[in-house]
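Below is one structure, written out as structure tokens; comments come after it.
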Amino acid sequence: MASESQSAAGVVEDCHVDVVVVGAGLAGLTAARLLRRFGARAVVVEARDRLGGRCHTDEFPAAPELGLPEPCPVEEGCNYLHGCDEDHPLFLLAHRLGLPTAVCPGDVGCQYSGWESVEVAEWRDASRGGELIPLEEVLDAVYILKQAVCGLGVLYPPTAPGSEASAGGAGETLADGLDRAMAAVLERRVKAGRRAEATLTEREEALLRSIRGRFFGYVAPCRQMPARGIAAGMQDDSYRDIFEDVDWPHSDGNMVPLTLRMIIWKLSLLRTVGPRASVAEAANDPGEDRLVLGPGFRTFIDFLAEGLEVHLSAAVQAVAQTDDGRVHVVLHSGRTFVARFAVITVPVGVLAGLCPDESGLRFSPPLSPTKLAAARHLAMPRRGACTHEKVVLRWALSAPFVQRVLDGDEAPLQIATTDRRFHFLNLHRYGRPGQLLCHIWADAEWEEHVELSDRAVVAEVVAALRAIFPPRPPPPRPA
């Protein structure tokens with residue numbers, strides 16, 4: 001990595017280049033690499049002291065006393081390649097670099113429900129000592145949610161520009177819309193004699209909130225998303241038909257038994273074949289999601305950064321376009337890069353000004369109101385707001401939890417719970433010894449964790465695991 005140069009007099013010198021790329025994540029490094037290939041002198045400036053941005057592969061150290069003699073990668077950022085096919089650049093690059101990946105559980109056998117599929121998870125009821133929830137019950141919750149989603153286009157019909165306020169539903173969130181649509185679905189089922197009550201049971205409510213989080217609210221809570229955003233894609237009459245059909249999904253041919261049979265087949269494959277990691281030349285089924293294994297995402301980052309001029313711990317203070325058409329990128333250190341062009345690849349939270357004291361970035365001329373509004377719409381509403389969080393736990397290989405829950409051909413790859421905060425991926429079966437990944441969906445709205453220490457968050461996760469896998473009593477002593 002390059003370091004900032006100074007003149008003999010100690011004055012920071014301007015650096016003249018063709019292009020300045022701000023941000024050393026996948027986008028920034030790829031842009032700089034392509035520019036370099038076409039002969040441009042491009043430099044990358046990065047506020048952090050590391051490469052990768054959202055891609056961050058760390059490492060658990062070796063722990064021989066735990067039966068773990070080798071260090072093991074830990075993905076603190078992204079885990080998956082989504083929608084793998086013959087045109088997916090990172091999937092193709094993984095093959096070129098010899099990086100192993102594995103088809104995610106939901107797409108084993110055929111592409112179906114992608115990463116962290118709720119349908120193939122082993123569901124347990126946290127309020128009933130970890131009682132297994134039947135697959136049919138999980139699928140029924142999925143059908144209720146899908147039918148409610150189809151109703152969004154009915155509840156929020158398209159409106160003429162500027163007339164939304166008078167059309168009803170103005171300002172309603174996706175959470176509001178799904179609640180309204182679900183209430184209508186349940187009322188119709190009661191009137192048709194398909195269920196006894198129009199209210200959800202405690203378990204149904206827990207299942208639906210957790211499933212809703214995976215479908216829509218993994219990055220941002222549904223109450224922060226506009227209902228009309230999803231409704232815009234649900235305007236076809238076929239969606240209305242599903243929403244208003246009291247017999248759906250049973251009226252849709254053999255969909256229910258075929259779906260059940262397919263999920264059981266997938267679960268059988270996961271038990272008999274298991275998760276297979278390979279350096280894949282082609283996707284098994286176009287569109288499948290794959291878990292990145294081996295050395296992890298850092299393989300991409302190291303490859304893309306090779307040969308580039310990158311300045312770390314080089315936070316940008318201002319980006320100014322001058323009358324002569326040049327761009328001046330000014331660092332907090334005082335150094336200025338002067339270029340014909342600048343490529344900005346910072347997180348939207350930086351553009352939205354969420355942390356002005358730490359990562360404020362001023363533009364001259366300022367960003368247009370439209371661009372600034374778009375950045376604020378995509379960013380978290382405030383620092384510390386609920387978003388997708390991850391906790392990675394590791395146990396000794398001899399630990400009872402590993403032996404009882406994580407190990408063996410029958411061990412589930414995904415574990416879900418009625419505690420809507422958490423969803424688990426069994427990394428132990430993917431060659432990450434003793435590891436369990438815990439997802440915390442944004443839609444769980446577990447805001448209290450922001451105030452907790454890392455140790456306290458881990459304690460909450462472990463307590464949730466104990467609720468669904470209570471310790472077994474010791475065997476009785478012989479008489």
Side-chain angles (χ1 to χ4, degrees), residues 82-83 85 106 111-115 117-119 139-192 194-195 198 200 204 207-256 258-259 286-287 289 348 370-371 373-379 381 441-443:
H82 298 283
D85 59 20
Q111 195 279 325
Y112 175 63
S113 53
W115 69 294
S117 165
V118 298
E119 292 92 336
L139 289 176
D140 190 53
V142 171
Y143 293 139
I144 290 174
L145 181 60
K146 287 185 175 180
Q147 193 168 15
V149 172
C150 289
L152 293 176
V154 177
L155 298 178
Y156 304 95
T159 59
S163 63
E164 182 177 337
S166 62
E172 288 196 1
T173 68
L174 180 57
D176 298 327
L178 289 174
D179 286 345
R180 287 178 58 194
M182 205 172 302
V185 168
L186 296 176
E187 286 173 6
R188 289 195 191 100
R189 290 189 178 193
V190 170
K191 289 179 180 178
R194 301 293 186 268
R195 60 181 289 139
L200 297 169
E204 283 179 322
L207 281 170
L208 281 161
R209 278 302 303 269
S210 185
I211 294 168
R212 187 184 87 174
R214 163 56 187 90
F215 280 6
F216 300 107
Y218 46 91
V219 172
C222 289
R223 67 180 179 87
Q224 290 178 8
M225 293 182 271
R228 290 187 177 277
I230 301 295
M234 300 288 168
Q235 300 299 329
D236 188 88
D237 286 345
S238 61
Y239 295 112
R240 176 187 290 272
D241 293 342
I242 291 174
F243 176 56
E244 296 179 349
D245 184 353
V246 296
D247 290 321
W248 193 88
H250 301 281
S251 60
D252 193 353
N254 292 320
M255 186 182 78
V256 172
L258 288 178
T259 300
D289 293 346
V348 290
T370 302
K371 289 182 180 179
R376 288 173 176 165
H377 177 73
L378 291 170
W441 304 139
D443 201 42

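These numbers were taken from a predicted model, which means no experiment stands behind them. Counting from 1, the numbers follow the sequence of the chain as shown.
Between S117 and G106, the shortest heavy-atom contact is CB-CA, 3.6 Å. Residues Q224 and P381 come closest through the heavy atom pair OE1-CD, 3.4 Å. Q235 and Y156 make their closest contact through NE2-O, 3.3 Å (heavy atoms, listed as atom of the first residue, atom of the second, distance). For the pair W248 and M255, the tightest heavy-atom approach, listed with the atom from each and the gap, is CZ2-CE, 3.6 Å. When all heavy atoms of A148 and A181 are compared, the closest pair comes out as O-CB, 3.2 Å. Across all their heavy atoms, P249 and V256 have their closest contact at CG-CG2, 3.5 Å.
With sequence neighbours left out, the salt bridge (Lys or Arg N to Asp or Glu O under 4.0 Å) criterion links D252 to no other residue. Taking the salt bridge (Lys or Arg N to Asp or Glu O under 4.0 Å) definition, one finds that R194 meets it with D247, sequence neighbours left out. With sequence neighbours excluded, no residue forms a salt bridge (Lys or Arg N to Asp or Glu O under 4.0 Å) with E119. By the ring-ring contact (aromatic ring centres under 6.0 Å, His included) test, Y218 pairs with W115, sequence neighbours left out. With sequence neighbours left out, P286 forms a side-chain contact (heavy atoms from CB on, under 4.5 Å) with D85. In this structure R195 satisfies the salt bridge (Lys or Arg N to Asp or Glu O under 4.0 Å) test together with E204, sequence neighbours excluded. Partners of H377 under the side chain to side chain donor-acceptor pair (under 3.5 Å) rule, at least two apart in sequence or in another chain, do not exist in this structure. The side-chain contact (heavy atoms from CB on, under 4.5 Å) check on V219 picks up T387, with sequence neighbours excluded. Taking N254 as the reference, nothing meets the side chain to side chain donor-acceptor pair (under 3.5 Å) condition, with sequence neighbours excluded. By the side-chain contact (heavy atoms from CB on, under 4.5 Å) test, A175 pairs with T173, R212, C222, R223, sequence neighbours left out.
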Show which side-chain atoms of residues 182-191 pair as donor or acceptor with protein atoms under 3.5 Å away, not counting sequence neighbours.
unit_1: R188; atom_1: NH1; unit_2: F243; atom_2: O; d: 3.1
unit_1: R189; atom_1: NH2; unit_2: Q147; atom_2: OE1; d: 3.2

*Test side chain to side chain contact (heavy atoms under 4.5 Å, CB included) on H250 and Y143 and set out the steps.*
CA-CA 10 Å; H250 301 281; Y143 293 139; over 6 Å; no
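Inter-residue side-chain proximity for K146 and F215 is flagged as met; some heavy-atom pair is nearer than 4.5 Å.
Between R180 atom CZ and L155 atom CG the span is 4.5 Å, to the nearest 0.5 Å.
Here the rule is side chain to side chain contact (heavy atoms under 4.5 Å, CB included) with V149, and of L178, I144, L174, I242 only L178 fits it.
A salt bridge (charged side-chain N to carboxylate O under 4.0 Å, His left out) check over residues 232-244, counting only residues at least two apart or in different chains, returns the pairs R240-E244.
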